[in-house]
Amino acid sequence: MPGAASRYPDLHAHSIRDPEGFWRDAARAIDWTSEGERVFDSTLGIYGRWFPGWTTNVCHNAVDRHVAAGRGAQPAIFYDSPVAGAKRSITYAELKGEVSLLAGVLGELGVGKGDRVVIYMPMIPEAMFAMLACARIGAVHSVVFGGFAAAELASRIEDAQPKLVLSASCGIEPSRIVHYKPLLDLALSMAKHKPDACLIFQRPQVEAKLAPGRDHDWATRREAALAAGLRAECVPVDATDPLYILYTSGTTGKPKGVVRDSGGYMVALRWSMEGLYDVRPGEVYWSASDIGWVVGHSYIVYAPLLAGCTTVLYEGKPVGTPDAGAFWRVIEDYKVAVLFTAPTALRAIKKEDPEGRLMGAYDRSSLRTLFLAGERADPDTVEWAKARLGVPVVDHWWQTETGWAIAGNPVGLGALPIRVGSTGVPMPGYQVDILDEGGHPVGPDRMGSIAIKLPLPPGCLPTLWRQDERFRESYLVDYPGYYKTADAGFTDANGQLFIMGRTDDIINVAGHRLSTGGMEEVLAAHADVAECAVIGIHDELKGEVPCGFVVLKAGVARSPAEIEAEIVALVRERIGPVAAFRLAITVNRLPKTRSGKILRGTMKKIADAEPWNMPATIDDPAALDEIALALGARGLAKVTVA
Ligand code: COA
Ligand code: AMP
């Protein structure tokens, strides 16, 4: 049962009974340039729109208002980069200066309200300046994660049609320097859409070659703007105007452009900082993610700044930069109150420092709560962290589409007793149901598809970028009146949610969301491949890793090992290193049903050594034995086949 002291049950009930009233109250924490009459209008958009007729500016709320309120001297950003050997503290006043300057430069380069700007940058302060500068002038940013290959960047450029691309000369991975500019040049040569200009930040590690006419040097433009006293002010936008587009994996290779609005998003994030994370203005909040992911957008950049906190921008890894004590060192250095990371990061630390010896070397007394999300948190890891850190470890569930947590433990309302393995209870505005195949809600402890009753609360996507139909088809058609999360799970008798896995072909690799369908498209493009199937198999560190099975075309005489190596390289080249695709296995045939459907689910169970039943519709049962043997030959399947 929810804790007696928690305000959660009443508050959640209020948010469902009177959503307009609930969110109108929450909206008081935001500065608006004008307020509309309605908080929600169900006749607008696809399932309704939040705060129609209200106007605001996100950068004002994240930056300027804090300077005006006397927080100018407070650090807004602690940048910490063990890979670059750099640290920088940026106050709210300095942030305002940098962002208004860069926004001025964007204006000079022809960017205005509604124009798209692609940001392809590593975890450096300039990337945050770039996002906020777009918000300042009402431009729509689309940040692309650095671990994607040129082809993925190209498909995003093609879809978003940016006027400008902001990039840097390089990213820094512990094992290598990632040269961004050649990747950007390649992507621009692949994309049909050509931006008017690129603004390139030269990092000291690498000097990128600039294309005359198209590419501009960031520092030079900044200096010139500074000398000219150029400053851009905040432009009011409609609350329903897009703040950004963030591409995420869909069930095909073509990524989905998740649209985020401006007003509802701010209201939801601002609410979450106190209600969910229990942080106050002036405290230090650290989301150890990347700005290329939704967690980075919401909880490195926007939410901490909207709340007047100091955010930590960490360009490093949990291990190897330099060791498994890195997270604890950052907590000590900046007196972090709340840490948010992916379970995979903890697994990486646990593997290197199982006793947590390095934790003891640092003062972690500032840390109150550790939040986890992005993938299933295995109970072992949660218990390990809880025991050694001595703070509550809170798992919470969300998606790129929702922009903030669907379910969690609302620590700020009075924490609930949560069972390990559960991701908590629905956040305000979310009415979560578990549905059977016919779309009917099922009772407690029964597995089903997880769906959210429409309307989605503020902060969630109103649609996909210029693809209303795809939005309907992907999320709204299967269960009328609901948003389909494509996650499966159950609730217990106390209404606590358990997320067990996806119902589609999305896999989660080290907290990164990837489409196996997209990988299959790459495998199928290899000249020697007749058929293929990619599945996600269990991995101790990354949760899941992809594994590709290929059937070669008849008559191919080359060695399978050679072709497999080419396939691995092809996925890295087309999708990127982040896919962590290292396993390609040649088989004679794929197990299928009599109607020709590949039995990926059963293949996964075999690979993960889970119990499985012979599908009644299988064409030839021996085909599954062959998969087990092929996996066994690589030391993967623990099941031996008689
Ligand atoms: N730019 C370029 N390449 C990148 C990159 C980036 N921003 N991020 C990752 N990569 C590359 C890595 O260098 C690696 O390349 P490699 O094959 O040449 O080694 C590959 O992509 C896979 O990277 P990663 O998933 O980070 O695996 P890893 O083995 O290097 O590190 C962990 C493992 C667990 C330490 C790491 O995955 C991690 O920190 N995970 C946390 C995840 C997270 O924060 N997710 C956000 C959701 S909340
Ligand atoms: P992303 O859009 O990258 O945030 O990935 C969203 C997906 O990650 C969800 O649909 C889930 O499958 C998975 N996920 C996110 N958070 C959790 C969690 N706390 N527990 C289990 N799975 C999660």
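Note that the structure is a prediction, hence the values are computed from the model and not measured. Ligands are counted one by one from 1 in listed order, and the atoms in each one are counted from 1 as well.
- Which parts of ligand 1 touch Gly146 is read off a 4.0 Å heavy-atom cut-off, strictly below it: atoms 1 (N), 2 (C), 6 (C).
- If you look at Phe340 and Trp286, their ring centroids are not closer than 6.0 Å.
- Residues Leu166 and Phe201 fail the side-chain proximity criterion, which asks for heavy atoms closer than 4.5 Å.
- Distance remark: protein heavy atom not present below 4.0 angstrom from atom 36 (C) of ligand 1.
- Between Tyr120 and Phe145, the gap from one ring centroid to the other reaches at least 6.0 Å.
- Geometrically, Arg364 does not engage Phe327 in a cation-pi contact, judged by NZ or CZ lying under 6.0 Å from the ring centre and within 45° of the ring axis.
- From the protein, the heavy atom lying nearest to atom 48 (S) of ligand 1 is Val295 CG2, 3.7 Å.
- Between Asp80 and Arg88, none of the side-chain N atoms (NZ, or NE/NH1/NH2) sits under 4.0 Å from a carboxylate O, so this pair counts as no salt bridge.
- Below 3.5 Å of separation, one finds an N or O of Asp487 facing an N or O of ligand 2.
- Taking every heavy atom of Val578 and a limit of under 4.0 angstrom, the matching atoms of ligand 1 come to 21 (O).
- Aromatic ring centres of His297 and Tyr244: separated by under 6.0 Å.
- Where the criterion is an N or O separation shorter than 3.5 Å, residue side chain and backbone included, Gly374 meets it with respect to ligand 2.
- For atom 4 (O) of ligand 2, the closest non-hydrogen atom on the protein side is Thr400 N, 3.5 Å.
- The heavy atom nearest to atom 47 (C) of ligand 1, out of those in Gly511, Gly543, Gly374, Gly147, is found in Gly511.
- Aromatic pair His512/Phe148: centroids not less than 6.0 angstrom apart.
- In this structure, Arg388 CZ and Glu383 CD are separated by 11.0 Å, a value rounded to the nearest 0.5 Å.
- When each of Glu401, Arg513, Lys256 is tested with Thr248 by the rule side-chain hydrogen bond (donor to acceptor under 3.5 Å, both in side chains), just one qualifies, namely Arg513.
- Close contacts of ligand 2 with Asp395, meaning ligand atoms under 4.0 Å from a residue heavy atom, involve 18 (C), 19 (N).
- Counting protein heavy atoms only, atom 14 (C) of ligand 1 is closest to Arg176 NH2, 3.9 Å.
- The nearest heavy-atom contact from the protein to atom 17 (O) of ligand 1 is Arg582 NH2, 2.7 Å.
- Other residues, nucleotides and ligands contribute over 12 non-hydrogen atoms within 6.0 Å of the CZ atom of Arg472.
- Near Arg502, meaning under 4.0 Å from any of its heavy atoms, are these atoms of ligand 2: 9 (C), 10 (O), 12 (O).
- There is a protein heavy atom closer than 4.0 angstrom to atom 1 (N) of ligand 1.
- Between Ser175 and ligand 1, a contact under 3.5 Å exists for no N or O pair.
- Within the 3.5 Å criterion, the main-chain N or O of Gly257 finds no donor-acceptor partner in the side chain of Gln467.
- Checking side-chain atoms of His179 against main-chain N and O of Val206 turns up no donor-acceptor pair under 3.5 Å.
- Contact atoms of ligand 1 toward Pro318: 35 (C), 39 (O) (distance under 4.0 Å to a heavy atom of the residue).
- A donor-acceptor contact shorter than 3.5 Å links the side chain of Thr485 to the backbone of Ile450.
- Judged by the shortest distance from any of its heavy atoms, Gly171 lies outside the 4.0 Å radius around the atoms of ligand 1.
- Contact annotation for atom 32 (C) of ligand 1: protein absent (non-hydrogen atoms, distance under 4.0 Å).
- Close approach of ligand 1 to Val178 is summarised as follows: ligand atoms under 4.0 Å from at least one heavy atom of the residue are 2 (C).
- For atom 3 (O) of ligand 2, the closest non-hydrogen atom on the protein side is Arg513 CB, 3.3 Å.
- Here's the thing with Glu401: none of its N/O atoms is less than 3.5 angstrom from an N/O atom of ligand 2.
- For atom 20 (C) of ligand 1, the closest heavy atom belonging to the protein is Pro577 O, 3.3 Å.
- When Glu352, Glu375, Lys317 are ranked by how near their heavy atoms come to atom 30 (O) of ligand 1, first place goes to Lys317.
- Considering backbone and side-chain atoms alike, Ser289 places every N or O at 3.5 Å or more from each N or O of ligand 1.
- Both the backbone and the side chain of Ala510 come within 4.0 Å of ligand 1, judged by heavy-atom distances.
- Distance from atom 18 (C) of ligand 2 to its nearest protein heavy atom, with residue and atom name: Glu375 O, 3.3 Å.
- A donor-acceptor pair under 3.5 Å is absent between the side-chain atoms of Thr321 and the main chain of Pro82, judged by distance alone.
- When the heavy-atom distances from atom 5 (C) of ligand 1 to Arg572, Glu173, Arg347 are ranked, the shortest goes to Glu173.
- By the 3.5 Å distance cut-off applied to N or O atoms, Thr344 is not counted among the residues near ligand 1.
- Remark: the backbone N or O of Val336 is not paired with any side-chain donor or acceptor of Arg368 at under 3.5 angstrom.
- Judged by the 6.0 Å and 45° rule, Arg260 forms a cation-pi pair with Tyr265.
- Contact analysis puts Lys542 in contact with ligand 1, with a non-hydrogen atom separation below 4.0 angstrom.
- With no hydrogens or angles considered, a side-chain donor-acceptor pair links Tyr483 and Gln399 at under 3.5 Å.
- Annotation: side chain of Tyr277 is in contact with side chain of His396 (closest heavy-atom distance under 4.5 Å).
- By the 3.5 Å distance cut-off applied to N or O atoms, Thr341 is not counted among the residues near ligand 1.
- Among protein heavy atoms, atom 8 (O) of ligand 2 sits closest to Asn508 ND2, 3.2 Å.
- Atoms of ligand 2 found under 4.0 Å from any heavy atom of Trp398, numbered from 1 in the order shown, are 4 (O), 6 (C), 9 (C), 15 (C), 16 (N).
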**Prompt:** Checking salt bridge (charged side-chain N to carboxylate O under 4.0 Å, His left out) for the pair Asp378/Arg347: CA distance, chi angles, key distance, verdict?
**Reply:** CA-CA 9 Å; Asp378 52 291; Arg347 288 197 297 269; 3.0 Å; yes
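- Using a 4.0 Å heavy-atom cutoff, Phe145 is listed among the residues neighbouring ligand 1.
- The ring of Trp404 has its center no closer than 6.0 angstrom to the ring center of Tyr302.
- Distances below 4.0 Å separate heavy atoms of Ala288 from the following atoms of ligand 1: 44 (O).
- Close N/O approach between Thr485 and ligand 2 is not found [any backbone or side-chain N/O within under 3.5 Å].
- The N/O atoms of Thr423, backbone and side chain alike, include none that comes under 3.5 Å of an N/O atom in ligand 2.
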